[in-house]
Amino acid sequence: MSSAPATSDLVTLTIDGVPLQVRKGTLLVEAAKLVKQEIPVYCYHTKLGPAGLCRVCLVEVEGMPKLQIGCNTPVAEGMVVRTRGESVEKGRAMVLELLLVNHPLDCPICDKGGECDLQDYAMAYGRGSSDLADPKSSKPKAVDLGPTIVLDEERCVVCQRCVRFDDLIAGERQLVLKDRGHRDMIATATGDPYRHNFTGNVTELCPVGALTSKTYRFKSRPWDLHRTETSCTQCSVGCRMNVDVRNGTVLRTMSVEGDDAVSDWWLCDRGRYNVGYIDAPERIKQPLLRRDGTFMQIGWEDAFAIWAKAIRSALAARGPESIAALGGGRLTNEEAYLLARSMRALGVKNIDWRTGRQRQATPGSSGGTLLDLERAGAIVTIGESPAQLAPVMDLRVRKAVRHGARFIRVASHEAAPTMPHLDVADVAAAAAAIPANVTRVALLWDGVDSALARAAFAALDREGRTLLTYISGEQGNARGAEAMGMLPFSGPGYHIADTGRDFEGICADALAGKLDVLAIFGANPALNAADGARVRDALQAVGFLVVTELFMTETAKLASLVLPAAGAFEKSGSVVNLAGDVLPTAAALAPPDGVLSDFEIVTGLARALEIELPDTEEIERATIAAAAALPVGIAFGDDRFAGTAKESELGDGLLLRVTHHAFAGGGTIANDERIAALRPLPEAAFARADAERLGIRTGDYVDLVGSGGTLHDLLAEVRDSLAPGEVVAIAGLSDAAANALAERSRVRVEKIRHADALVEA
Amino acid sequence: MLIVLVKSAVLLAVVVTTFAYAMLFERKILGWMQLRPGPNRVGPWGLLQPAADAAKLILKEDLTPKTADPLIYRLAPFISLLTAFAVYAIIPFGANGDGSPWAIGNVNAGILFLMAISSIGVYGISLGGWASGSKFPLLGAVRGTAQMISYELSMSLSFVGVLMLAGTTSLTGIVNAQERVWFLIPQALGFIIYVITAVAETNRTPFDLVEAETELVGGFHTEYSGLRFGSFFIAEYVNMLTISCIATLLFLGGWNAPFGLTLLPGIGWFVLKVGAFMFFYMWLRATLPRFRYDRLMTFGWKVLLPLATLNLVATAAWVALH
Amino acid sequence: MIPFWIIAVVLIVSALWTVTARKPIYSVVSLLLNFAALATTYLILHAEFLAVMQIIVYSGAILMLFVFVIALLNSGIAPIVLGRDRVPVAPAAAAALAAIAFVATAIAAAHAPAIVPIASHSPLGAVGRGNVFGSIGDFGQALFLSRLLPFEITALILMVAVVGVVLLAGDLTPYVPTRRRAEQSRRALREAILREGK
Amino acid sequence: MRKHLFNVGAILQGFGITFKYMFVKRPTIEYPSIKKQHAPRFHGLHELRRYADGKERCIGCELCSSACPANAITVIGAENAPDARVSPGERHAASYEIDELRCIFCGLCEEACPTDAIVLTPRFEMADYRRGAFVYSKDRLLVPSDAGVGTPPDERPNGIPADLGRVAEVKSTTNVDRGYSATHRGEVLKTERKGLAG
């Protein structure tokens with residue numbers, strides 16, 4: 001791709017009278033695209049490769065007695081191909097007639113109607129009538145495949161794109177083709193619900209309306225939708241996606257065709273399905289002021305005035321040290337920049353985006369692109385793997401593994417992935433496990449434990465080897481927030497600035513009663529911070545806490561002033577993803593009346609405080625410059641980032657470790673009714689040795705007791721990969737947040753209830 | 001004093017009723033000329049239509065735009081209404097045997113008073129249009145002001161011819177001077193100029209550029225509703241009536257019977273002549289389309305004004321020679 | 001006498017409003033009121049022709065042009081605000097002096113014997129008749145016979161003033177039709193670009 | 001000058017025409033008391049039909065809305081609950097709205113409907129005091145469940161609904177031979193064109 005191929009690699013052929021040269025091994029269907037000839041395909045897909053099942057891609061090749069399928073015929077020297085002509089059209093019409101033998105003509109009610117390949121090709125190449133006299137076969141219409149997908153067996157044309165996606169791309173191998181002949185049908189191999197992080201992609205791949213999304217079923221027709229291309233901000237990958245809006249509701253999101261660099265054409269289920277919060281009735285639509293313990297609705301002007309007054313009196317009383325601002329990982333670059341700049345204009349240095357467990361988002365100068373990742377020979381993951389943190393990056397890992405890369409997990413406490421992998425105890429073992437001939441190694445880090453990251457970097461970095469590092473964090477625009485200066489020690493573009501207090505320090509100040517005003521923008525530290533109980537206490541101790549949020553989250557409930565903010569689909573701007581790509585986001589719809597974006601909120605505050613803010617043009621210029629700046633002075637695993645990952649010495653018991661789940665979270669996930677079935681149950685995973693010692697079996701219910709409180713009714717799971725003495729719980733669940741007990745503290749297991757006993761009761 | 005008040009009240013009632021039915025008959029006549037029956041649903045032959053319209057106007061919501069200047073916005077319709085009615089203080093409708101007129105006030109300088117009052121009438125339109133704080137009314141007002149100032153000149157000059165022939169500025173005196181020959185005959189050109197400028201002064205088709213619906217929504221009164229709009233509406237029709245009365249007084253012999261046909265009392269002839277002139281107004285509206293603005297200005301300044309001056313000079317020469 | 005005092009109050013109040021109103025259009029309206037009141041005082045003094053002319057010329061024509069200009073400039077929307085330090089001290093003092101002088105004159109005049117011959121005793125005078133003080137004939141005689149020269153000189157001075165205003169306000173370059181002017185400026189621009197290029 | 005004089009003639013001619021027309025018989029039908037006869041397949045207010053078993057014919061496929069040239073129809077589909085079916089099949093219209101103020105009554109929705117659910121009735125009297133009332137939702141469009149299933153236009157007897165009242169005897173205004181027929185203007189135009197050609 002980088003250099004021009006040698007002449008010997010090229011083949012000359014003629015398609016529809018146009019001579020062209022293509023690389024050896026190219027399939028006819030791809031070669032035809034170069035001369036702008038479309039060959040119809042069902043089973044073939046650029047990302048899935050040929051299957052040769054549907055036969056609709058018939059072309060005529062001179063010298064061959066019969067029509068050939070374009071999708072599985074490689075080019076050859078001197079080939080003369082015709083994609084049109086009488087015999088081709090006759091052949092295609094025949095294939096279409098056969099495809100339609102049992103396909104129901106229920107296009108008016110089919111969700112695919114209007115964007116259906118079968119419909120389009122039947123119009124373009126079909127005969128318009130059928131010789132079949134017998135009735136079409138009748139099959140189940142709405143088969144529940146899983147929490148996200150419904151299958152219409154009548155409509156299925158058995159192209160197997162979904163099966164091949166599950167096998168080749170997702171690597172989960174859940175979908176199979178059951179039965180033979182006209183009873184062929186798609187089903188999960190085990191009969192269990194079809195469920196993993198990428199199920200939604202099969203609805204996009206399905207060329208007919210057989211696989212449809214439950215969230216979109218019968219809600220709209222394609223031509224009603226108003227499409228906006230934007231970037232997903234749910235995690236730090238930043239997949240390009242199309243947002244389809246109708247009547248002020250996001251009805252569905254679709255991957256962007258041809259986006260190889262970021263999303264590789266795919267979307268994870270969280271990005272695809274977590275869109276229903278936009279019009280959730282629980283959304284806050286007016287500023288709320290706490291008075292005598294209850295919230296009352298106030299107007300925006302009053303809200304800004306009250307906030308500004310609090311800031312002014314804090315400045316007058318104890319100076320800028322008593323003011324702090326948190327958040328930024330969910331803001332756009334422009335908002336983060338404006339926030340950091342207006343805070344520094346006040347002299348406030350206590351700024352930090354790191355409100356969760358992640359400590360660092362910028363991998364220094366050793367970062368690589370996502371395309372580099374799929375070409376790595378070995379992938380080492382420390383901390384949590386991207387499987388739940390950045391699912392679409394996980395697809396790249398799987399692609400690399402499929403191409404022969406070795407996947408090594410260091411001291412992992414997660415469940416085993418459905419791909420070849422190697423679990424090792426420490427970084428030295430990981431370094432030893434990398435074959436000597438591997439020249440490109442990727443290091444994946446969750447951004448939590450700086451010391452471990454530094455150790456891993458040191459162990460893996462060898463002469464003659466390219467070491468690429470990726471930090472897959474929990475917040476969508478963490479890297480952007482860092483670049484825009486939402487750090488206590490650096491301003492926009494990583495210009496090192498006066499050092500203020502970081503999140504830990506801000507919490508300590510608050511607990512010491514030294515913090516008068518704290519503003520939290522689009523973050524939920526009460527739920528996501530490693531030590532939830534302490535953070536809650538700290539937030540309650542703040543004199544005046546302002547939170548901008550969409551919903552009454554755990555943090556917002558503690559606030560003095562809650563300001564309704566616009567969601568990710570309601571504002572335009574740019575974000576920086578984990579690979580450093582600057583991606584634009586575009587507003588797909590307007591926020592509800594009375595809701596302002598964080599940009600407008602910061603502007604409003606600045607106006608109330610009479611701070612001069614730059615104009616739009618300057619903000620644009622400054623954010624572009626900052627996002628493109630290389631993080632000079634910030635190294636991988638920099639000590640200034642270190643902070644939370646310390647073990648608590650409380651008691652003996654088990655060491656609590658926390659894991660992420662793509663559908664665990666407060667705010668936008670907790671308030672999206674459409675994905676209720678995808679939210680995980682609160683669970684606790686035990687090592688086999690501990691489970692046997694405590695008498696726990698998979699399926700039991702247990703309580704975990706720690707210094708910060710108790711987690712009730714966790715579903716126990718015995719996990720072999722886990723080191724003895726550790727217990728793993730899911731973070732970010734509103735009803736049972738593992739962080740309430742403080743991560744890496746010692747917990748006790750109490751009240752074990754066996755599954756069979758519960759059934760008897 | 002009391003008698004003046006009673007006279008005023010009676011006259012006011014008569015004028016308002018005349019206005020109401022003038023409006024109804026205008027709609028009827030327009031309907032007939034356009035192959036429609038006109039209003040015929042309220043009462044027999046639609047005779048109660050004015051009452052229904054009045055009720056509607058009174059009950060409509062009274063709107064003041066946010067951008068309007070509230071004081072001037074409210075003042076403007078009153079200026080229009082006031083000046084429209086004030087003229088009737090001096091208009092004579094007939095004469096007693098001793099030569100004293102049937103009018104509220106017998107003013108020697110009647111014609112001057114009339115010109116003075118009508119020159120203030122423009123303020124209703126220009127202030128109302130400006131104070132609405134919106135584009136179309138402003139355009140209508142600016143057009144209206146320019147148009148009325150331009151045509152007022154020619155109209156005044158057309159009066160002067162009559163004044164010179166009559167040798168007095170008293171309206172009664174002018175009518176008395178027409179006992180033998182109506183000024184329509186010696187002042188034919190003046191009459192034509194008067195008719196044209198009068199139509200322009202009342203902003204009626206084909207000179208209704210002030211409220212040109214097809215371009216300016218409603219012109220200067222776009223933003224007005226309810227009784228404030230009604231005030232402008234009444235003022236327009238009362239002005240029509242005034243103009244018809246003046247035409248009758250100055251050119252059509254007032255209450256003098258034509259050709260000695262004294263079948264009717266003087267007031268009867270007066271009403272007939274005014275009615276005929278009003279009909280002409282409506283007929284005009286049914287027949288002619290609106291002027292283009294630049295043509296209107298060209299016509300006013302380049303045709304009417306020279307013609308009026310010519311008429312004046314000719315009349316002066318004639319008066320001087322005799 | 002009572003009508004006079006009422007009118008006098010109206011006159012003074014409207015005159016004050018004219019100079020103090022924040023919006024130009026209010027000044028116009030109050031000036032209109034002022035003119036009307038002034039015309040009424042003329043009527044009281046039996047100067048009917050003058051009263052009518054006051055209305056026709058000042059209210060009907062000149063003031064109308066003010067409204068016209070305000071409407072076209074749209075300057076009436078924003079009120080005029082005088083700054084704290086912009087109270088005009090000297091003019092204010094002069095105005096106060098003038099007011100005192102005016103009041104003194106008024107009182108003196110009120111006590112002085114009438115020097116104006118009353119022309120007629122009919123309610124609204126005898127404007128139409130000739131050879132009576134204040135009538136049209138009288139005006140015409142004065143204007144076109146006895147005072148013709150001053151009248152024409154005044155007209156000439158006014159004309160000079162108009163030309164002067166046009167010269168002061170307009171641009172002094174000789175008149176060039178619009179299209180040709182556009183061509184000229186385009187040529188000048190092209191030449192400037194060529195010069196810069198070298 | 002001569003041109004202008006001709007124009008005066010034309011104006012006078014115009015006065016003659018308008019005056020003449022005052023005495024021409026008017027073709028007006030006094031509408032609320034007398035009603036004009038419809039064409040047999042007149043397009044009026046919409047109606048959503050049912051199947052004989054009471055289920056709605058509409059399946060919420062939105063083909064009517066995409067066929068609508070005025071964008072007057074909004075349909076939002078939903079899935080049928082298996083225990084309480086609204087229409088046969090999987091899909092039904094959860095919401096069906098026609099903005100009758102936007103509708104141009106062309107009948108393309110009728111043509112597009114795959115289940116013959118929507119038909120245009122001859123009803124046209126839809127006056128109301130509120131704009132919002134013209135957005136007809138499903139509860140007003142659907143045939144009441146006790147009023148049969150609704151009739152497609154080609155099954156109507158003469159196109160005249162029984163409840164429309166007294167029907168005018170005049171069939172159409174276009175063939176009244178009085179010199180003002182609808183073709184009058186056409187004749188004039190034709191003559192003018194001839195003149196131009198000659």
(request) Kindly assign one of parallel, tilted or perpendicular to the pair B:Phe220 and B:Phe232, based on the angle between their ring planes and the thresholds 30° and 60°. (result) perpendicular

(message) Within the 4.5 Å heavy-atom criterion, are C:Val67 and C:Met64 side-chain neighbours or not?
(response) yes

(request) Would you give the length of the straight line joining atom CD1 of B:Ile117 to atom CZ of B:Phe85, rounded to the nearest 0.5 angstrom? (result) 13.5 Å

(request) Determine the option with the most heavy-atom pairs under 4.5 angstrom with chain B, choosing from C:Ile56, C:Val28, C:Leu65. (result) C:Ile56

(request) Count the heavy-atom pairs under 4.5 Å between each of B:Gly129, B:Gly173, B:Ser119, B:Gly121 and chain C, then report the option with the highest count. (result) B:Ser119

(request) Measure B:Ala146 against the heavy atoms of chain C and call it side chain, backbone, both or neither at under 4.5 Å. (result) both

(message) Please classify the contact of B:Leu75 with chain C as side chain, backbone, both or neither, using a heavy-atom distance under 4.5 Å.
(response) side chain

(request) Could you look at C:Val29 and say if it's the side chain, the backbone, both or neither that has a heavy atom under 4.5 Å from chain B? (result) side chain

(request) Give a yes-or-no answer on whether the side chains of B:Tyr88 and B:Thr242 include a donor-acceptor pair shorter than 3.5 Å. (result) yes

(request) Answer with side chain, backbone, both or neither: which region of C:Leu32 has an atom nearer than 4.5 Å to a non-hydrogen atom of chain B? (result) side chain

(message) With side-chain contact (heavy atoms from CB on, under 4.5 Å) as the test, pick out the partner of B:Thr197 among B:Ser156, B:Ser154, B:Ser150.
(response) B:Ser154

